[in-house]
Amino acid sequence: MLIGRTLGFYFSRQFLKTIFLVFATVFTLVYTLDFVELMRRAGEAPAATPAVIAQLALFRTPAIAEQVMPFAVLFGSMAALLQLSRKLELVVARAAGISAWQFLQPGLLIALLIGILSVTVYNPVSATLKQRASTLETQTFSKVTQAREKPIWIRQRSQDGQAILRGAGSATDSPTLYGVTVYAFDPAGVFTHRVEAKEATLHEGFWELKDARILSATEEPQSHERYLIASNLQPSQVRQSFIEPDAVPFWDLKNTIERMAQADINVTAYQLHYDLLLARPLLFIAMVFVAASVSLRFFRFGGVAMMVLGGVAAGFMLYVATELMAELGAAGIISSLVAAWFPAVVGSLLGTLALLHQEDG
């Protein structure tokens with residue numbers, strides 16, 4: 001049975017207001033901390049004026065704040081339910097014959113709408129700003145490479161056989177790798193030699209390696225100031241692979257995955273990020289169920305502190321499960337589909353089960 005329109009709008013405003021306040025608080029905190037950190041680094045770069053630093057921090061913050069959106073929904077929902085309980089509005093609603101499942105409908109709807117908007121509107125904006133932040137950071141701090149936690153791996157095929165390229169870093173606006181190691185194989189798949197180079201730039205039909213050193217088991221090491229390797233890759237495809245998955249807007253992810261797959265570039269991280277975005281609305285709904293399972297106790301019964309602590313613990317456990325499944329999916333141990341949807345589905349089911357136990361015994 002659906003809740004009444006007037007009461008539904010009232011509860012919806014309460015959920016929306018508290019979720020927005022929690023997210024705005026986190027956004028402001030992240031921006032402030034990032035601004036302070038960038039100002040600390042600004043002494044090393046003459047171009048890093050306070051105005052530029054403020055703009056750079058503003059570009060970087062949305063992508064960071066996006067990662068804590070599930071917690072904003074969780075804590076915002078808990079705050080809304082606790083506030084309604086403190087004012088005895090839930091008591092009145094129950095006395096009027098409205099069940100917990102009915103007055104949770106507005107919260108679930110708000111969570112669903114926020115999840116859809118965060119994927120279709122917020123994510124494209126934050127991803128675009130993250131790309132602009134990377135460019136601005138490079139210009140401001142005079143960096144030639146993007147900082148990466150993991151090396152870049154590229155596999156290719158050509159008329160000379162197969163090759164695997166490993167790069168320690170990449171240029172921001174060009175298909176250039178730095179700290180490159182190339183493992184070359186003949187058309188039969190037999191390893192032939194290894195090439196180490198200071199940098200490698202992809203042109204139409206070939207890689208250009210600078211300060212290259214060729215190592216082979218059958219010949220003496222050779223050094224070349226310029227060394228060419230045939231390639232079937234397009235510079236635009238490789239340049240796209242240098243971008244982190246969370247810096248690709250949602251609406252461009254599918255096409256990016258298809259183009260990279262055609263170029264035989266590993267798309268596991270991008271596919272996982274795409275599936276995680278699709279599962280986000282359900283994850284937000286799971287957060288509302290978790291919040292409800294620990295926030296419906298009446299204030300006059302006491303134990304509010306334990307309820308809040310229980311909600312924090314439940315949210316932390318769900319976060320750990322999400323990160324663990326994402327790591328398993330990124331490593332290829334499980335499919336990206338399972339890694340993305342499993343925490344959201346299990347969290348929703350467990351929250352529903354806990355609520356059923358509380359409300360219906």
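Fair warning: this is a prediction, and the values are worked out from it, not measured in the lab. No hydrogens, no waters, no symmetry mates; every other heavy atom, side chains included, goes into these values.
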How far does [atom1] of [X] sit from [atom2] of [Y], to the nearest 0.5 angstrom?
| X | Y | atom1 | atom2 | value |
| --- | --- | --- | --- | --- |
| L337 | L276 | CG | CG | 10.5 Å |
| S348 | L283 | OG | CG | 7.5 Å |
| M325 | I334 | CE | CD1 | 3.5 Å |
| L272 | T268 | CG | OG1 | 8.5 Å |
| T61 | L129 | OG1 | CG | 9.5 Å |
| T128 | D252 | OG1 | CG | 7.5 Å |

Any donor and acceptor pair, going by atom type alone, linking the side chain of [X] with main-chain N or O of [Y] inside 3.5 Å?
| X | Y | answer |
| --- | --- | --- |
| S126 | A63 | no |
| D186 | G161 | no |
| T32 | T28 | yes |
| T192 | A184 | yes |
| S85 | L82 | no |
| Q131 | A247 | yes |

*On the 0 to 90° scale, with breaks at 30° and 60°, tag the F250-Y274 ring pair as parallel, tilted or perpendicular.*
parallel
*Relative to the ring of W153, is the ring of Y183 parallel (under 30°), tilted (30 to 60°) or perpendicular (over 60°)?*
parallel
Find out if a path of hydrophobic residues (ILVMFWY) with successive side-chain heavy-atom gaps under 4.5 Å connects [X] to [Y].
| X | Y | value |
| --- | --- | --- |
| L282 | L109 | no |
| V73 | F289 | yes |
| F35 | L136 | yes |
| L16 | M78 | yes |
| L21 | I110 | no |

More than 12 heavy atoms from other groups under 6.0 Å of [atom1] on [X]:
| X | atom1 | value |
| --- | --- | --- |
| F316 | CZ | no |
| M39 | CE | yes |
| Y319 | OH | no |
| F342 | CZ | no |
| F191 | CZ | yes |

*How far apart are the C-alpha atoms of V182 and R194, what are their side-chain angles, what is the distance that settles it, and do they pass the side-chain contact (heavy atoms from CB on, under 4.5 Å) test?*
CA-CA 6 Å; V182 181; R194 186 181 76 197; over 6 Å; no
Which atom of [X] lies closest to which atom of [Y], heavy atoms considered:
| X | Y | result |
| --- | --- | --- |
| P62 | Y122 | O-OH, 2.9 Å |
| W207 | L165 | CE2-CD2, 3.6 Å |
| S336 | D275 | OG-OD2, 2.7 Å |
| A269 | P245 | CB-CG, 3.8 Å |
| A133 | L56 | O-CD1, 3.3 Å |
| F23 | A65 | CE1-O, 3.6 Å |

*Residues F206, H203; criterion side-chain contact (heavy atoms from CB on, under 4.5 Å); working and verdict*: CA-CA 5 Å; F206 66 93; H203 302 280; 3.5 Å; yes
Hey, does [Y] have a side-chain heavy atom less than 4.5 Å from the side chain of [X]?
| X | Y | answer |
| --- | --- | --- |
| Q156 | I229 | yes |
| F185 | I164 | yes |
| S77 | I19 | yes |
| L81 | F15 | yes |
| R213 | P221 | yes |
| I285 | P281 | no |
| L278 | W341 | yes |
| F284 | L112 | no |

_Charged N-O contact under 4.0 Å between R280 and E66_ = yes
*asked:* For E137, is there an ion pair with R60 - N to carboxylate O distance below 4.0 angstrom?
replied: yes
*Step by step, work out the side-chain hydrogen bond (donor to acceptor under 3.5 Å, both in side chains) result for E199 and T176.*
CA-CA 7 Å; E199 66 178 68; T176 301; 5.4 Å; no
*Could you walk me through whether H224 and L209 pass side-chain contact (heavy atoms from CB on, under 4.5 Å), step by step?*
CA-CA 9 Å; H224 298 272; L209 281 68; over 6 Å; no
*For this output row, return yes or no: ring centroids of Y270 and H273 closer than 6.0 angstrom.*
no
*Evaluation steps, side-chain contact (heavy atoms from CB on, under 4.5 Å), between I154 and L177*: CA-CA 10 Å; I154 297 176; L177 296 174; 4.2 Å; yes
